[in-house]
Number of protein chains: 2
Amino acid sequence: MGLSDPDWDIVMRAPLFKAMGATITRAMIGDRGPKTYGRGERVFDEGDPADGFFCLIEGWAKLYRLREDGEEVVVAIFSAGETFAEVAMFLGGRFPAGCEAVSPARILKIDAAKLRRAVMDQPQLAFDMLAAASMRLRQLVDEIEHLKARSAPQRIADFFVRQAAATSGPARIALPYEKALIASRLGMKPESFSRALGKLAGLGVAVERESVSIADVARLAAFAVG
Amino acid sequence: MGLSDPDWDIVMRAPLFKAMGATITRAMIGDRGPKTYGRGERVFDEGDPADGFFCLIEGWAKLYRLREDGEEVVVAIFSAGETFAEVAMFLGGRFPAGCEAVSPARILKIDAAKLRRAVMDQPQLAFDMLAAASMRLRQLVDEIEHLKARSAPQRIADFFVRQAAATSGPARIALPYEKALIASRLGMKPESFSRALGKLAGLGVAVERESVSIADVARLAAFAVG
DNA sequence: GGGCTCGCTTGACCTTGGTCAAGGACGGCG
DNA sequence: CGCCGTCCTTGACCAAGGTCAAGCGAGCCC
């Protein structure tokens with residue numbers, strides 16, 4: 001049981017898979033499917049051997065550390081189309097943090113061994129991946145330097161578009177329980193998030209308690225880049 | 001004739017070289033020195049084979065494309081401590097843009113062949129570089145999402161500190177002819193740049209027409225991170 | 001030298017988003 | 001059913017930086 005076509009779309013948005021190309025990616029993933037997690041379910045624990053990396057296909061997951069006093073510190077939040085835990089895997093050690101699903105989620109795991117074998121067989125692949133990493137680095141530096149270029153509503157629109165499985169037409173996406181989580185994910189305060197959502201109403205975005213419905217993803221996408 | 005010690009400091013600030021580690025970097029660069037370019041001199045042209053990448057040690061260079069109507073579009077501006085053209089090199093094709101020195105500059109070129117050989121000999125190196133790239137990515141994401149709180153004066157201070165060869169004490173750095181270029185490089189308008197410079201006067205930064213003198217680099221660095 | 005252009009600075013005003021603080025809305029629980 | 005805590009929204013205010021527009025100074029060409 002492999003991935004469905006919309007799932008492939010999402011997987012191929014990840015820079016790492018883009019770098020490898022669709023053919024090699026498909027060969028590496030084979031017909032393994034994503035695993036489904038419930039809200040609060042563990043993906044891996046701190047200290048587990050880092051024998052692979054992950055690609056989130058649907059839902060949300062958080063990376064967290066437990067401080068000595070038992071308090072949890074959220075290190076990062078991932079959502080659809082993002083890969084994570086590659087660092088630990090490339091270094092070949094153990095996970096320095098735990099990961100759990102924040103909402104129901106589907107997550108694909110890719111074996112380190114398979115990636116390693118692919119790179120050894122075909123060292124050019126390493127260069128492709130480095131090229132992708134460099135490109136992404138440059139892009140992020142740009143983002144830092146001209147963060148002003150995109151307003152809060154635009155960043156939210158962009159985020160919703162990435163979440164949506166479809167690239168045009170209507171869509172509905174699920175939000176994790178707390179909206180403050182999304183706000184921090186997008187680098188803004190909950191208040192700004194709330195206000196910005198109001199401004200998106202004019203573009204066919206309706207927000208319910210735990211989900212968002214979009215009248216036309218393509219229209220929202222156009223607004224996000226503008 | 002290898003690099004001088006302050007030059008090494010600057011080279012090792014580049015993430016790519018950090019990833020490889022000082023030993024391999026030194027082995028790869030060997031005793032090749034940087035080439036000196038005059039203002040307006042070509043570093044490479046669009047369409048040249050991408051047989052290496054570059055590290056800017058002193059001065060400024062711009063990456064540009066010529067549109068069909070002959071108009072020049074500046075794609076990026078580089079200054080001390082930055083590497084560029086890695087993407088084209090990793091992909092092993094031709095340069096998709098031209099590059100020329102905007103001010104007198106010293107630029108080090110690293111052969112693709114040497115890097116390629118190092119990676120082929122020692123595929124683990126590719127993983128190390130990927131791990132470093134991923135780590136840097138994560139770090140940049142953090143910077144975007146949390147630490148976007150750096151004011152214009154702070155960004156300028158940070159920029160000047162990176163430019164300076166020394167890490168403490170007084171320094172003088174050269175600016176390219178138009179300050180608007182620096183402003184765009186730092187993601188702000190020339191007006192804001194001008195005003196922000198005024199605020200740095202209190203920290204021992206004196207601006208002349210084409211250069212800046214800094215009373216104490218360490219003090220400026222402290223302000224930049226604060 | 002006088003006018004000219006071009007880059008830089010300065011001033012007044014506006015938009016964006018952060019901050020602080022005060023309400024709602026909903027669910028859990030006694 | 002009402003009390004309460006949590007999350008979300010809303011409003012008033014503020015600081016940073018963008019925008020528009022005018023002034024200034026240096027080089028340049030006649």
Side-chain angles (χ1 to χ4, degrees), chain A residues 39-40 60 62 71-72 74 77 102-103 142-160 173-203 205-213 223-224 226, chain B residues 39-40 60 62 72 74 77 102-103 143-160 174-203 205-212 223-224 226:
Chain A
R39 179 172 148 79
W60 293 72
K62 72 178 173 191
E71 175 112 24
E72 176 184 299
V74 174
I77 298 161
V102 174
S103 72
D142 280 3
E143 233 175 280
I144 289 179
E145 283 168 0
H146 332 108
L147 200 83
K148 291 283 169 197
R150 264 154 57 157
S151 68
Q154 281 178 316
R155 269 180 290 158
I156 297 177
D158 178 78
F159 178 76
F160 284 168
I173 63 186
L175 301 180
Y177 196 71
E178 306 112 32
K179 293 192 183 170
L181 206 62
I182 313 180
S184 87
R185 181 73 181 61
L186 293 173
M188 67 187 81
K189 298 288 151 187
E191 295 97 319
S192 297
F193 182 72
S194 185
R195 281 186 250 266
L197 277 183
K199 290 181 189 155
L200 288 181
L203 285 108
V205 176
V207 183
E208 292 99 55
R209 178 145 282 280
E210 303 182 27
S211 69
V212 173
S213 50
F223 168 74
Chain B
R39 179 172 149 78
W60 294 72
K62 71 178 172 190
E72 176 185 300
V74 173
I77 297 161
V102 174
S103 72
E143 240 174 274
I144 288 179
E145 282 170 1
H146 304 206
L147 197 73
K148 126 190 118 147
R150 282 216 314 212
S151 67
Q154 282 177 316
R155 269 180 292 158
I156 296 177
D158 177 78
F159 179 75
F160 284 168
L175 301 180
Y177 192 62
E178 304 114 30
K179 294 192 181 169
L181 207 63
I182 312 179
S184 86
R185 181 72 181 61
L186 292 174
M188 67 187 81
K189 299 286 147 184
E191 295 96 318
S192 298
F193 182 71
S194 185
R195 281 186 250 264
L197 277 183
K199 291 182 189 156
L200 289 180
L203 286 107
V205 176
V207 183
E208 293 100 55
R209 178 146 281 279
E210 304 181 28
S211 70
V212 173
F223 168 75

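Just so you know, these numbers use all the heavy atoms, side chains as well, and skip hydrogens, waters and symmetry mates. All chains are named by letter (A, B, ...) in the order of the sequence lines, taking the proteins before the strands, and each is independently numbered beginning at 1.
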Separation of D:dA16 atom P from B:Phe193 atom CZ, nearest Å, is 19 Å
Rounding to an integer number of Å, can you tell me how far A:Lys179 NZ sits from C:dC26 P?
12 Å
Less than 4.5 Å apart, side chain to side chain, heavy atoms only: is that true for B:Ile156 and B:Met188?
yes
What pair of heavy atoms forms the shortest contact from B:Leu200 to B:Pro153, and how long is it?
CD2-O, 3.9 Å
With sequence neighbours excluded, residues passing side-chain hydrogen bond (donor to acceptor under 3.5 Å, both in side chains) with B:Lys179:
none
Take atom CE of B:Met188 and atom P of C:dT9, then tell me their distance rounded to the nearest Å.
13 Å
Smallest heavy-atom separation, B:Ala157 atom then B:Phe223 atom, equals CB-CD2, 3.7 Å
When every non-hydrogen atom of A:Trp60 is compared with those of A:Ala174, the smallest separation belongs to NE1-O, 3.7 Å
Round to the nearest Å and state the distance from A:Glu210 atom CD to C:dG27 atom C1'.
12 Å
Nearest heavy atoms of B:Arg155 and B:Gly187, plus distance in Å:
NH1-O, 3.8 Å
Does the side chain of B:Leu175 reach to within under 4.5 Å of the side chain of B:Ser211, using non-hydrogen atoms?
no
Could you state the CD-P distance from A:Glu208 to D:dT9, rounded to the nearest angstrom?
12 Å
Among C:dG17, C:dC8, D:dG17, which is the nearest nucleotide to the side chain of B:Glu178?
C:dC8
What is the minimum heavy-atom distance between B:Arg39 and B:Val102, and which atoms define it?
NH1-O, 2.9 Å
Atom CG of A:Leu197 and atom C1' of D:dT10 are separated, to the nearest Å, by 14 Å
Measure from CZ on A:Arg150 to C1' on D:dG18 and round the result to the nearest Å.
19 Å
Taking B:Ser184 for the side chain and B:Leu181 for the main chain, is one N or O donor matched with an acceptor at less than 3.5 Å?
yes
Expressed in angstrom and rounded to an integer, what is the separation of A:Lys199 atom NZ from D:dT9 atom P?
14 Å
Would you mind classifying the nucleic acid contact of B:Ala180 as base, sugar-phosphate or nothing, using non-hydrogen atoms under 4.0 angstrom?
sugar-phosphate
Show the distances under 3.5 angstrom between N or O atoms of the protein and N or O atoms of nucleotides 22-26 of chain D.
none

Look for any protein N or O under 3.5 Å of an N or O in nucleotides 19-21 of chain D and output each such pair with its distance, or none.
residue : atom : partner  : partner atom : Å
D:dT19  : O4   : B:Arg195 : NH2          : 3.0
D:dC20  : N4   : B:Glu191 : OE2          : 3.3

